[in-house]
Amino acid sequence: MEFFRIKKDIPFMRHALIFNVISAVTFLAAVFFLFHKGLHLSVEFKGGTLMEVKYPKAANLEGIRGTLIAMGYEEPGVTSFDTARDVMIRLPVEKGVSAANTSQRVFEALCKAEQGTTKGIDTVTAKGEHVIKSACMDAAGSEAVVLQKVEFVGPQVGEELAQNGLNALVMVILGVMIYLAIRFEWKYAVSAIIANLHDVVIILGFFAFFQWEFSLTVLAAILAVLGYSVNESVVIFDRIRENFRKQRKATVHEVIDSAITSTISRTIITHGSTQMMVLSMLVFGGQTLHHFALALTIGICFGIYSSVFVAASIAMWLGVKREDLIKPVKEKDETDGAVV
């Protein structure tokens, strides 16, 4: 499917050096901010308190977030799960304050926001033990907020999650390299991986510079961007291989320019529709999906750029040629094996 067809090839490779210099500067800036400012890691990575509360009706997430901000928490994690009435709250570690004290203060603030009062209720556990549980009662005598569970995520758990995330990233990169090396040739695998790492580092650079919270959902977005960028590179590489077969007398520059130009319409359709969906999550998804959609938005924009001006140009500079993708046809022996 095509919206339009460009009859004359656009000389992308003529300006490849300029755009790659821009890419290198952007990449180095992202690396600088990563080392200078670092990532603003979420509770999952650096540890903290996790609370699960339940409301009698659909919870007002923005109101809960506002209450926590008023308590001094800069970016509290407030998300709904299971149902609209169930809310998970993630709070960072506070020096000198235990998880029990933190959860109690937060629960009292949430109860006060619902015009309720906290009371101690004697409850019996499944093992038959009597436990005093904090409850938030409204004027009618019913529970306005129910504290379901409190957990403390230690730094060791956060380090384990960070290590698992890094392992997942490395496995994706290795898998992509093996796939492209088998399907095309090692030069294409190297160029695609450099382009993908370019996208990942720039996303991380944005999060480091603006100090946006880096959570597990953002890590998932980065892994999605890796696959998305590889798909665009594969489409262009496929067209390059096809053009090498069709355009026997064309130079490598002309073949690559023709491949990129012929896929522009497809790129606009694919990335345009994807970006519309991601922008809808960014605008209407609320705080829960904000950073996830933000990472995808940055990744999609730079993914298009890197597939054209990074992956293709690096493949060109690595010396890709027709013989790398198309095996030369052996000429038939005229004697056909006869001995004279």
Side-chain angles (χ1 to χ4, degrees), residues 38-127 129-162 211-218 285-292:
L39 291 172
H40 175 43
L41 299 175
S42 66
V43 172
E44 294 98 340
F45 293 112
K46 62 183 180 182
T49 303
L50 296 179
M51 297 176 58
E52 292 182 9
V53 295
K54 192 180 187 69
Y55 286 81
K57 57 183 180 180
N60 181 5
L61 299 183
E62 291 302 323
I64 297 172
R65 190 174 290 109
T67 300
L68 296 175
I69 291 174
M71 292 181 64
Y73 296 104
E74 294 182 0
E75 291 186 7
V78 180
T79 56
S80 59
F81 72 100
D82 198 12
T83 67
R85 298 184 301 157
D86 297 293
V87 179
M88 178 177 289
I89 301 172
R90 298 177 176 86
L91 302 171
V93 177
E94 294 183 86
K95 292 182 180 180
V97 181
S98 65
N101 291 336
T102 298
S103 61
Q104 184 62 34
R105 287 195 306 110
V106 170
F107 182 68
E108 289 175 358
L110 295 178
C111 181
K112 185 177 180 181
E114 296 295 322
Q115 307 300 320
T117 55
T118 54
K119 296 181 180 179
I121 299 178
D122 187 12
T123 59
V124 181
T125 64
K127 296 181 180 180
E129 300 174 347
H130 288 268
V131 178
I132 302 298
K133 179 182 176 182
S134 295
C136 177
M137 313 301 293
D138 58 15
S142 58
E143 288 191 276
V145 187
V146 180
L147 182 60
Q148 300 280 78
K149 184 169 64 174
V150 177
E151 291 182 352
F152 175 72
V153 179
Q156 291 183 346
V157 177
E159 290 177 4
E160 183 179 349
L161 284 173
Q211 286 296 289
W212 295 327
E213 187 180 57
F214 187 87
S215 61
L216 287 175
T217 55
V218 176
Q287 190 66 26
T288 304
L289 295 175
H290 181 73
H291 290 135
F292 174 77

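Predicted model, so just to flag it, every value in this text is computed and none were measured.
A heavy-atom distance below 4.5 Å is found between the side chains of Leu91 and Met51. Two residues are said to be in side-chain contact when any heavy atoms from C-beta on lie closer than 4.5 Å; Thr83 and Lys54 meet this criterion. The closest side-chain heavy-atom distance from Glu62 to Asn60 is below 4.5 Å. Considering only heavy atoms from C-beta on, Thr217 stays 4.5 Å or farther from His291 through its side chain. Using a 4.5 Å cut-off on side-chain heavy atoms (C-beta onward), Arg90 and Thr79 make contact. When side chains are defined from C-beta on, His290 does not count as touching Trp212, because their heavy atoms never get closer than 4.5 Å.
We find the OG1-CE distance between Thr118 and Met137 to be 11.0 Å, quoted to the nearest 0.5 Å. Between atom OG1 of residue Thr102 and atom CD of residue Gln104 there is a gap of 10.5 Å, rounded to the nearest 0.5 Å. Between the CG atom in Leu68 and the CG atom in Leu110 there is a gap of 6.0 Å [rounded to 0.5 Å]. In this structure, OG1 in Thr67 is found 9.0 Å from CD1 in Ile89, a value given to the nearest 0.5 Å. Atom NZ in Lys149 sits 6.5 Å away from atom CE in Met88 (nearest 0.5 Å). A distance of 10.0 Å separates NE2 of His40 from OG of Ser215, quoted to the nearest 0.5 Å.
In this structure, the side chain of Arg65 engages the main chain of Val78 through a donor-acceptor pair within 3.5 Å. Under a 3.5 Å cut-off, the side chain of Gln211 and the backbone N or O of Gly38 do form a donor-acceptor pair.
For the residue pair Ser42 and Leu216, the shortest heavy atom distance occurs at OG-N, 4.5 Å. Among all heavy-atom pairs drawn from Ala144 and Pro56, the shortest one is O-CD, 3.1 Å. Considering every non-hydrogen atom in both Ala58 and Arg85, the closest pair reads N-CG, 3.8 Å. Here the shortest heavy-atom pairing between Val145 and Cys111 reads CG2-CA, 4.5 Å. Taking each heavy atom of Cys136 and Gly116 in turn, the nearest pair found is SG-CA, 4.1 Å.
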